[in-house]
There are 2 protein chains.
Amino acid sequence: MKKRPTIKDIARATGVHASTVSRALDPDSKKRNLLSAEVIERVREAAETLGYRPNRQAAGLRISRTWSVGVMIPDITNTLFPPIVRGIESVLEPRGYTSIIVNTDNIAERETRLLFVLRERGVDGIINGAAQRTDPKMAQVAAAGIPIVTLNRKVEDGTIPYVINDERQGIRLAFRHLYDLGHRRIANIAGAQSYSTGQMRLEAFREICAEYGIAEKDAPIVAADSYNEAEGQRCAGRILDDDPDVTAILCANDRLAIGALKLLRTRGIDCPGQVSVTGFNDMPFLDFLPLGLTTVRIKQFEAGQTSARILLQMIEESDRAAPMQTVLPVELVVRESSAPPRST
Amino acid sequence: MKKRPTIKDIARATGVHASTVSRALDPDSKKRNLLSAEVIERVREAAETLGYRPNRQAAGLRISRTWSVGVMIPDITNTLFPPIVRGIESVLEPRGYTSIIVNTDNIAERETRLLFVLRERGVDGIINGAAQRTDPKMAQVAAAGIPIVTLNRKVEDGTIPYVINDERQGIRLAFRHLYDLGHRRIANIAGAQSYSTGQMRLEAFREICAEYGIAEKDAPIVAADSYNEAEGQRCAGRILDDDPDVTAILCANDRLAIGALKLLRTRGIDCPGQVSVTGFNDMPFLDFLPLGLTTVRIKQFEAGQTSARILLQMIEESDRAAPMQTVLPVELVVRESSAPPRST
DNA sequence: TTGAAAGCGCTAACAG
DNA sequence: CTGTTAGCGCTTTCAA
């Protein structure tokens, strides 16, 4: 196991000083321009033939950089996240960065600890796809000067750049779709209010109801504690118990919708015959469902890409201000879970 | 953004030399035992109050370690892999390691390049979940002294430790299940023969057919080029074209099985009424399928854990020999896609 | 039992 | 344009 060549080896081979080699190989042309073309060429060749590869650990120790970024997500086994992760990777990898992916499971203390782990690792920046609406730890990290951007969710603090989806428009598309089908008693299973998505989607629902002149009692709302199927079941149950005349349930997320569908099946209520259901996110594998779910598609891969690009800009061009707010477009995907209400 | 305290700061605070601090804080007790208990205690306290955290970059530069491992998988968007990745993470993280996950997409040149990226990153070891049966690059890396273990698949070269599932037993369970249901014309969609899984599962199929005294013509085999739904469709089509009397299709993997199911639906052939289908892996979200797939469950999370443990042993206890071959148990999961053949 | 000194591989002043 | 020097934070001889 012979060790790999260093800058010194190249210096020896070319007869110039190590620092000259460093300069010749620096990707920043401002430094290279100070050297004679001839030396640069010689150094390049020597590096090539020796198979030189810079030692990032050493360079990093010197300039305190690691060319790694932390990626925080709730849980990679949630199919929503793999495409996002690949989007991130697709811009990071070509630029020489690697990502350290950590799963918070939406547990606050785990998030805190992982944040600590990432800082200790000296990551050059963080993409947080698991942020809470208020997140003091996060703001603290940002204040400490570590580039950070949130993905899918935003922190209300206002200092952290974010990339989110057009939640408002998504809810409006779903609502209008149901309304246009003829539904007039549309319930809402809202998401956890501790996430910006939960809060924004609920707000959008209230807003459009008001716009359409629908009274609050005709648009019952139950907020879930978290985004999962069990909560979807529970909330759907409560809605139907309180208000058996509901003909459609607009859910703040696909997993809640899947739970709602499950409950309907349990109770022998036909979907979409008796009750229509819509989701949000268009998670992969949704089309495996026996009944296709009408939902709002978000740009998963692109969201990953965009957040990574913004983070890189923050890391590498700290002079240029990075965009603070990026909102990606969404689109409605109509499948089988929505239909006109039974015309009783 | 005040920088974090170094070993020097502690030295100054306690009045001892930096090297003494290093020794006092060394987790290896052999080194600490040389120091007086009093000094160790003082250093510990100072480290605590200053909030000292060792700088891995610096330590790594010195001892050439990074406390990071590379994890190669085909594609994180394949739901089979997230549980594996979390299994790996669950043992790595508590021991202070992070994992760098890369997706090969089963493209050889991508694999080569990523392997290069990982080496350049100086990972302490590699878990390869995307290995080919013959993989010179891999053997080369292993020979270079970088700890490496393969996961799910094995390299035939024989020098690389592996953690795989009991492919043979899995195929036998599926076959017996079909046979016991009464099937006598069982076809096989085999996996790509460039992966050990494809090869082993096919071998097991041939073996058990022979055991049951089934002639080769009564057990048609078509090998897929890769593990995906399109190939499953194609292969199932060929099987039914050549041999319309087949009553069951045993697939080397779930995705092939999903493809086969799709083809049956296309042709209006009822499953399990006319043709039964089985898969392999028990991928998450399989239960979303309109028709539950009978399959062989592999221990995904545990496989991740086991491979990580073995890798850590190779890294940290290079003296103790790591287990070369680990075969995890599998179990049959019976769902709706298998039933007795129509008794025509 | 502790200190001194060297060096891992690289970059960044500062000279010249 | 290029060489010299110093040092990032840590570990590890070698002395004392």
Side-chain angles (χ1 to χ4, degrees), chain A residues 1-44 46-47 50-67 96 119-122 124, chain B residues 1-44 46-47 50-67 96 119-122 124:
Chain A
M1 177 154 90
K2 54 181 169 301
K3 64 193 214 334
R4 54 198 233 192
T6 73
I7 234 169
K8 264 189 191 163
D9 297 318
I10 301 180
R12 204 171 309 119
T14 51
V16 300
H17 194 265
S19 60
T20 306
V21 175
S22 172
R23 283 187 277 250
L25 264 25
D26 196 307
D28 181 3
S29 58
K30 279 157 209 152
K31 297 192 188 136
R32 263 183 297 128
N33 281 346
L34 306 178
L35 300 190
S36 70
E38 187 263 331
V39 169
I40 293 183
E41 196 41 46
R42 252 182 31 228
V43 169
R44 282 250 172 92
L50 291 180
Y52 170 78
R53 300 271 67 210
N55 180 326
R56 282 200 157 85
Q57 292 235 110
L61 177 58
R62 184 62 232 247
I63 64 179
S64 47
R65 289 275 307 275
T66 57
W67 295 277
R119 294 188 62 173
E120 192 177 336
R121 279 273 158 183
D124 296 338
Chain B
M1 176 152 91
K2 56 181 168 302
K3 64 196 213 336
R4 53 199 233 191
T6 73
I7 233 170
K8 265 189 190 161
D9 297 318
I10 301 181
R12 205 172 308 120
T14 52
V16 299
H17 194 263
S19 59
T20 306
V21 174
S22 172
R23 283 187 277 251
L25 263 26
D26 197 307
D28 180 3
S29 57
K30 279 157 209 154
K31 297 192 188 138
R32 263 182 296 125
N33 282 345
L34 305 179
L35 299 190
S36 72
E38 188 260 329
V39 168
I40 293 184
E41 195 41 45
R42 249 179 37 224
V43 169
R44 282 248 171 94
L50 291 181
Y52 171 78
R53 301 271 66 211
N55 179 327
R56 281 199 157 87
Q57 293 235 110
L61 177 58
R62 186 60 233 249
I63 65 180
S64 47
R65 289 275 307 276
T66 57
W67 295 275
R119 293 189 62 174
E120 192 176 337
R121 280 272 158 185
D124 296 338

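For clarity, every value in this text was computed on a predicted model and none was experimentally measured. In what follows, every chain begins at residue 1, and chains take the letters A, B, ... in the order their sequences are listed.
Between B:V16 and B:L61, the residue anchored closer to the 5' end of DNA chain C is B:V16, taking for each the nucleotide with the nearest heavy atom.
In terms of heavy-atom proximity, B:A18 sits nearest to B:A11 at N-CB, 3.7 Å. Minimum heavy-atom separation, B:P5 to B:L50: CG-O, 3.3 Å.
A straight line from CZ of A:R65 to C1' of D:dG9 spans 19 Å, rounded to a whole angstrom. Between B:L35 atom CG and C:dG3 atom P the separation is 9 Å, expressed in whole Å. Rounding to whole angstrom units, CZ of residue B:R12 and P of D:dC10 are separated by 12 Å. With rounding to whole Å, B:R4 atom CZ is found 12 Å from D:dC8 atom C1'. One can place CD1 of B:I40 at 8 Å from P of C:dT2, the figure rounded to the nearest angstrom.
With a 4.5 Å cut-off on side-chain heavy atoms, A:V43 and A:R23 do not count as touching. No side-chain heavy atom of A:T20 sits less than 4.5 Å from a side-chain heavy atom of A:T14. Counting heavy atoms from C-beta on, the side chains of B:L25 and B:Y52 come closer than 4.5 Å. A heavy-atom distance below 4.5 Å is found between the side chains of B:D9 and B:T6.
Note: A:Q57 CD to B:L61 CG = 6.5 Å, rounded to the nearest 0.5 Å. The line from CZ of B:R56 to CD of A:E120 is 5.5 Å long, rounded to the nearest 0.5 Å.
Taking side-chain N and O atoms only, B:T20 has a distance below 4.0 Å to OP1 or OP2 of C:dG3.
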Dump every N/O contact between nucleotides 10-13 of chain C and the protein below 3.5 Å, one line per pair.
residue: C:dC10; atom: OP1; partner: A:Y52; partner atom: OH; Å: 2.6
residue: C:dC10; atom: OP1; partner: A:N55; partner atom: N; Å: 3.1
residue: C:dC10; atom: OP2; partner: A:I7; partner atom: N; Å: 2.5
residue: C:dT11; atom: OP2; partner: A:S22; partner atom: OG; Å: 2.7
residue: C:dT11; atom: O2; partner: A:R62; partner atom: NH1; Å: 2.2
residue: C:dA12; atom: OP2; partner: A:K31; partner atom: NZ; Å: 3.1
residue: C:dA13; atom: N6; partner: A:R23; partner atom: NH1; Å: 3.3

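Note that the two end axes of the helix from C:dT1-D:dA16 to C:dG16-D:dC1 enclose an angle of 40°, each drawn from 5 base pairs, rounded to 10 degrees.
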